[in-house]
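The next block holds one structure in the form of structure tokens; read it before the comments.
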Protein chains: 2
Amino acid sequence: MTTPTDTRCCPPVTEAALDEEAAQRLAGVFAALGDPVRLRLFSLIASRPDGSCACDLVGPLGRSQPTVSHHLRALHEAGLVDRERQGRWIWYSVHPEALLEAATLINC
Amino acid sequence: MTTPTDTRCCPPVTEAALDEEAAQRLAGVFAALGDPVRLRLFSLIASRPDGSCACDLVGPLGRSQPTVSHHLRALHEAGLVDRERQGRWIWYSVHPEALLEAATLINC
DNA sequence: TGTCTATATTGACAAGCATCAATATATAAC
DNA sequence: GTTATATATTGATGCTTGTCAATATAGACA
């Protein structure tokens, strides 16, 4: 059983100013979405219900494989995507918590 | 008379992948929120119903006046805040459209 | 006019980041 | 074992960005 609510979640930005610690954490999430290539990458993963194989993410972006891998790592470290090995492939899928907190903040 | 709805608004990220043009535009909004100082700055403005005088935004952030002015310009250029001169002071307030589109995208 | 105050701009610097080619690692299949 | 494929890491490069001190701009008021 998991906790139903994220205890770190902040109220909408219209209700209270952020403290430094929350700003640091949430800015990391927004920064991860703040690059056009990475945002498209994230949207490619999110738009497939079961996630995406990394091998399917290189072509559509017009960037080299190392660059895509670098961005996937950034999304993962920001808490936005999960990765799971499946044989020779690695499967990426949305990790909803970070996205939820970010959405809650700006959902006014 | 202004258009009542923003025709550029995108469906949630779980429904469709972004094209390059939309990714460019939305990444700009997320990038503006992707710095801790700027995110706190934005939250300070957003948490006051009538907006904030720039003069009230320098103190709480622990940054120099030029740095705060620089970040205010970044928020304004990203479409996140409006500015309005009121005598000797300049009033900043949330410009909801860009925030709405960003929130719609990640509100899953 | 001149002075005071609020805000913006300029210029410089260091740190960070997006990108790629080359290489490494890891799994699968033979 | 070897070979092939998928992904990650390393190292280098050029561009961007956050920051401040110094300066400029612009409005208010005497």
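A note on names: the letters A, B, ... follow the listed sequences, proteins ahead of strands, and every chain is numbered from 1. Excluded from the calculations below are hydrogen atoms, water molecules and symmetry mates; all remaining heavy atoms, backbone and side chain alike, are included.
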Taking DNA chain C as the partner, which of residues 35-42 of chain A come within under 4.0 angstrom of it by heavy atom?
A/D35, A/V37, A/R38
Under a 4.0 Å heavy-atom cut-off, which of residues 57-65 of chain A touch DNA chain C?
A/R63, A/S64
Tell me every residue that passes side-chain contact (heavy atoms from CB on, under 4.5 Å) with [X], counting only those two or more places apart in sequence or in another chain.
X     : value
B/T67 : B/R63, B/S64, B/H71
A/I90 : A/R83, A/R85, A/Y92
A/P36 : B/Q24, B/A27
A/C55 : A/C53, A/W89

Dump the pairs, protein N or O against N or O of nucleotides 3-6 of chain C, anything under 3.5 Å, distances to one decimal.
unit_1, atom_1, unit_2, atom_2, d
C/dT5, O4', B/R88, NH1, 3.3

Set out, line by line, the N/O atom pairs under 3.5 Å between protein and nucleotides 10-16 of chain C.
none

With sequence neighbours excluded, what pairs up with A/R73 under the salt bridge (Lys or Arg N to Asp or Glu O under 4.0 Å) test?
A/E77
Using the salt bridge (Lys or Arg N to Asp or Glu O under 4.0 Å) criterion, which residues pair with A/R38? Sequence neighbours excluded.
none
Here the disulfide (SG to SG under 2.5 Å) pairs for residues 61-99 of chain B, sequence neighbours left out, are none
Footprint ends on DNA chain D, 5' to 3', for atoms under 4.0 angstrom from a heavy atom of chain B, come out as D/dG18 to D/dA28
